[in-house]
Amino acid sequence: MTRQAGIVAQALLVVCLLAAGDALGQSCPALDENEKAALAAEHLFGGPPSPGAILIRRGYVTEYDATRRVPRWAAWHAAPEYLMPPKRKGRWARFRTDPDVANPVRKSHYNGLFAAFDLARGHIVPYFIAGGDRDGDGQDAEIETADNLPVEDIDDACTVFEVNYMSNIAPQLHGTFNGAGGLWYALETKVRKDIVGAGRPIHIIAGSVFGDAPVRKVGPNKDIHVPHMFYKILIGEAGAVAFLFTHEARIGPKGCAPDAALESCIVTVGDIEAVTGLDFFADLGDEAEALIEDTDGRAVWQTLLGQ
DNA sequence: CGGTGGCTGGGG
DNA sequence: CCCCAGCCACCG
């Protein structure tokens, strides 16, 4: 190949990769109604916390806030068999445009935010629960055979792709929140290693909080809203424990500062409802709902940790 | 897509 | 101590 041809080939490669950078996740088989019902039943503990339209995925269920362009909440079942997703590299690492929302956020919309504001593409439903044989055909998204050849199950690959949809992403401060050393990372790590990884499956609901304070809006159209706070609720057999974290601003009287100890971020489910307007676990019925919402979060936390 | 890099915390 | 894991970023 001549030098000129080499330059042309290189340019073409770059163009193709730039186009692929905003790729759609469009190759996944659609879920039928029976599959959707089963997935909602698995992931959505106690019913949806709001009456809005929900998106049902293989690994989670979510309500996307199309106005603020971030997830409002997401709910998922975190089980030990889901802790083995393919290594997060190559196509498994790619953020994907959600084909199921209108005017979707694209990966490129976050370009430059990290350098300018330390805002990263933060997963609400984490990558590490995207594994497992979700469709029960005996094959995961990617396994190694005896011949050391990777074998792929497209349905389970879609679990991974859907976790990487940009509709599962919110702008999160990397250094002080989402990255190593941040409270969001610290809680995810505890869940992955010390709760689910220790053999105790749980249900999780997490989401964003917006209140009466100035909202930072980012992206090319300045329409991606940076949440004021984030919350996460863990539900186990002993009850629920809720965490409320300040991100850009504290809304209401609760919620810990970025440099607080993780345990000091524990609040009640009612505190999350007060600041979000959501109603969790409504399908349980008043008695069971009150029971799970009135449990001592700190005691539940210790139980989940096996202590 | 592969390669490389920064950051922090945990472990040998 | 260094090295690795898990968050990410950016480059061609």
Side-chain angles (χ1 to χ4, degrees), chain A residues 1 3-25 27 59 70-71 74 78 80 82-97 105-131 141-142 150 152 157 160-161 163-166 168-198 204 206 208 218-220 224 226-227 230 232 243 245 247 257-263 265 305-306:
Chain A
M1 187 159 42
R3 174 174 160 77
Q4 258 191 340
I7 291 172
V8 169
Q10 174 89 356
L12 280 171
L13 175 68
V14 170
V15 167
C16 290
L17 292 176
L18 288 176
D22 273 339
L24 285 166
S27 56
V70 295
Y82 298 159
L83 292 182
M84 302 266 274
K87 186 72 178 169
R88 192 174 166 184
K89 53 179 284 194
R91 65 206 188 95
W92 305 112
R94 284 237 313 276
F95 289 102
R96 292 166 188 275
T97 306
V105 174
R106 294 174 173 276
K107 179 190 178 188
S108 61
H109 293 172
Y110 279 62
N111 287 357
L113 299 182
F114 188 84
F117 309 115
D118 197 39
L119 286 172
R121 302 171 182 92
H123 280 88
I124 300 303
V125 182
Y127 183 81
F128 64 76
I129 58 89
E142 192 173 67
E152 184 177 303
V160 181
F161 294 162
V163 164
N164 283 333
Y165 278 178
M166 286 301 296
N168 180 41
I169 298 298
Q172 290 185 329
L173 294 164
H174 190 68
T176 58
F177 190 70
N178 155 288
L183 287 170
W184 190 256
Y185 179 95
L187 181 51
E188 282 192 347
T189 302
K190 286 277 189 186
V191 169
R192 173 168 42 83
K193 296 173 73 170
D194 300 332
I195 301 176
V196 184
I204 303 178
S208 54
V218 297
I224 300 172
V226 183
F230 289 95
K232 184 171 275 184
F243 294 82
F245 305 108
H247 187 241
D259 57 352
L262 182 57
E263 285 75 14
C265 306
L305 292 173

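Every chain is numbered from 1, with letters handed out A, B, ... down the list of sequences.
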Value in whole Å for how far the P atom of dC7(B) lies from CG of Leu183(A): 20 Å
Rounded interatomic separation in angstrom, taking CZ from Arg88(A) and C1' from dG2(B): 16 Å
From C-beta outward on Asn178(A), which listed nucleotide comes closest to its side chain: dA9(C), dC1(B), dC7(C)? dC7(C)
For the pair Tyr127(A) and His123(A), name the ring-plane relationship: parallel under 30°, tilted 30 to 60°, perpendicular over 60°. perpendicular
Below 4.0 Å: OP1/OP2 of dG6(C) and any side-chain N or O of Arg192(A): yes
Does any part of the side chain of Tyr110(A), heavy atoms only, come nearer than 4.5 Å to the side chain of Phe95(A), both counted from C-beta? no
Separation of dG6(C) atom P from Glu188(A) atom CD, nearest Å, is 12 Å
Contact class for Tyr127(A) (heavy atom, under 4.0 Å): base, sugar-phosphate, or nothing? nothing
Please compare Thr189(A) and Asn111(A) by the position of their nearest nucleotide in DNA chain C and report the one closer to 5'. Thr189(A)
To 10°, what angle do the rotation axes through the five end pairs on each side of the helix from dC1(B)-dG12(C) to dG12(B)-dC1(C) form? 30°
For Asn164(A) and Trp92(A), indicate whether the former's side chain and the latter's backbone hold a donor-acceptor pair under 3.5 Å. yes
Between dG2(B) atom P and Lys87(A) atom NZ, what is the distance in whole Å? 14 Å
Which whole-number value in Å describes the distance from Arg94(A) CZ to dG3(B) C1'? 16 Å
Who pairs with Asp118(A) by salt bridge (charged side-chain N to carboxylate O under 4.0 Å, His left out), at least two apart in sequence or on another chain? none
Specify the separation, in whole Å, of atom CG of Asp194(A) and atom P of dG9(B). 16 Å
So, under a plain 3.5 Å distance rule, would you say the side chain of His174(A) forms a donor-acceptor pair with the base of dC7(C)? yes
Atom-pair distance (NZ on Lys107(A); P on dC10(C)), nearest Å: 9 Å
Side-chain (His247(A)) to main-chain (Leu173(A)) donor-acceptor, under 3.5 angstrom: yes
Between Phe114(A) (CZ) and dC7(B) (C1'), how many Å, whole number? 8 Å
Between dG10(B), dC7(C), dA9(C), spot the one nearest the side chain of Lys193(A), thanks. dG10(B)
Do Trp184(A) and Thr176(A) have side chains that approach each other closer than 4.5 Å (heavy atoms only, starting at C-beta)? no
Do the non-hydrogen side-chain atoms of Val105(A) and Ile169(A) ever get within less than 4.5 Å of each other? no
At under 4.0 Å between heavy atoms, what does Gly175(A) touch on the DNA or RNA strands: base, sugar-phosphate, or nothing? nothing
